[in-house]
Amino acid sequence: MKTLGEFLIANQQKFQDSTGEFSKVIHALRLAAKVVSHEVNKAGLVDILGEVGTTNIQGESQQKLDVFAHDLFIKALTNRKIVCGIASEEADDFIQVKHSESEKESKYIVLIDPLDGSSNIDVNVSLGTIFSIYKKKSKGSEVVLDDFLQAGTEQVAAGYILYGTSTLFVYTTGQGVNGFTLNPAIGTFYLSHPNITLPREGHIYSINEANYASFPQAVKDFLKKSKAEDLNYTTRYIGSMVSDIHRNMLKGGLFLYPPNAKSPNGKLRLLYECNPIAYIVEQAGGMAVSMDKRIMEIEPTELHQREPFFCGNSEMIDDLQGYLQKTE
Ligand code: P6P
């Protein structure tokens, strides 16, 4: 079975002018994913080992896992100087990756949610990392905010890492979606889910219905219809987006995070949650929209802006859009 490394080499050879720079970005994300996977899988032991609130043998205080994951991905990407800028959910502003005179300028930027769903750590629910890769578009030697405020259609690649019953690295570069499962015994990702494609039909919808009272009427009407007996829909909601999305990718379904009273623009972040997931879902044959438009066509205005987010099987999205376009 092909490893992620072999897959990258095979794909790199398809682009005669490739310099291997992009592969190095994926290699760095892959390395960080292995370390985060190890830490996530021993999180439950932290209390038992008595590390919480004290210092470990290196004298470092026990970090919260999401800060740990942020630091790790940032280090993996900056130490190798393979990107020129990074934006993270855990950092208010973007991070400039400076190159010395002798170092070759990198052309890639990465936007990342280092550990999405981290509030689930204490209850042993799966977590995820979500990333998006673009090319720097500004002319100067330093990245500027506009380099990060690109529409999702400009993505060079996008992916997620699911720290679940196994650790899965799923990504696309625009030629379909492939998933790699980590063999923790030897630290190698193997191609376990080649060319992931959404099943033609979906009968699952994922939504937090506790917010029903303040959903837009169009969403309420869609949900009412979805409960009709003859549709044999079922609802599944883990509350950790990568888990909900990955299940729907394999089994078919619709993920919805509408606007609500607590989150008037929805809760999910456009740049490092909605756009990368949208790229993956579209590459798997599905669709991803905000209230009235394709999510990847939204022109971002802020680094951490939130958007309503609906993605999954095309026929389920078409059905939902029939309601959304009748908005009140
Ligand atoms: P709610 C996790 O906190 C997260 O960012 C996503 O992973 C998940 O889909 C969503 O929030 C869950 O939000 O409001 O349903 O708890």
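Index from 1, following the sequence. Atoms within a ligand are numbered from 1 in the order they appear, just like the ligands themselves. For the numbers below, each heavy atom of this structure counts, side chains included, while hydrogens, waters and symmetry mates do not.
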Checklist entry - Which ligand 1 atoms, with their elements, are less than 4.0 angstrom from a heavy-atom of Asn208? => result 1 (P), 14 (O), 15 (O)

Checklist entry - What atoms of ligand 1 come closer than 4.0 angstrom to any heavy atom of Ser240? => result 7 (O)

Checklist entry - Numbering the atoms of ligand 1 from 1, which are under 4.0 Å from a heavy atom of Asp116? => result 4 (C), 5 (O), 6 (C), 7 (O)

Item to check | Of all pairs that satisfy ring pair (Phe, Tyr, Trp, His ring centres under 6.0 Å), the ones with a partner from residues 266-314, not counting sequence neighbours | outcome: Tyr272-His304

Checklist entry - So which residues get pulled into Ile186's cluster when ILVMFWY side chains under 4.5 Å apart are joined, directly or through others? => result Met1, Tyr190

Next on the checklist: Are Leu324 and Val219 packed together at the side-chain level, in the sense that at least one heavy-atom pair is separated by less than 4.5 angstrom?
Outcome noted: yes

Item to check | Polar atom proximity, Asn211 to ligand 1 (N or O, under 3.5 Å) | outcome: no

Item to check | Atoms of ligand 1, numbered as shown, that sit under 4.0 Å from any heavy atom of Gly117 | outcome: 2 (C)

Next on the checklist: With a 4.5 Å cut-off on side-chain heavy atoms, are Leu115 and Val40 touching?
Outcome noted: yes

Checklist entry - Can an N or O of Met241 be found at a distance shorter than 3.5 Å from an N or O of ligand 1? => result yes

Checklist outcome for this item: Among Lys267, Glu209, Glu89, closest by heavy atom to atom 13 (O) of ligand 1 is Lys267

Checklist entry - Identify the closest protein heavy atom to atom 15 (O) of ligand 1: which residue and atom is it, and at what distance? => result Tyr237 OH, 2.6 Å

Checklist entry - Going by the atom numbers of ligand 1, which of them fall below 4.0 Å from some non-hydrogen atom of Phe255? => result 9 (O)

Next on the checklist: Distance check, rounded to the nearest 0.5 Å: Lys98 atom NZ versus Glu142 atom CD?
Outcome noted: 4.0 Å

Checklist entry - Are any of the N/O atoms in Tyr257 less than 3.5 Å from those in ligand 1? => result yes

Checklist entry - Which is it for Ser138 and Asp146 under the side chain to side chain donor-acceptor pair (under 3.5 Å) test, yes or no, and what are the steps along the way? => result CA-CA 7 Å; Ser138 62; Asp146 272 355; over 6 Å; no

Item to check | Leu250 CG to Ile245 CD1 distance, which is reported to the nearest 0.5 Å | outcome: 11.5 Å

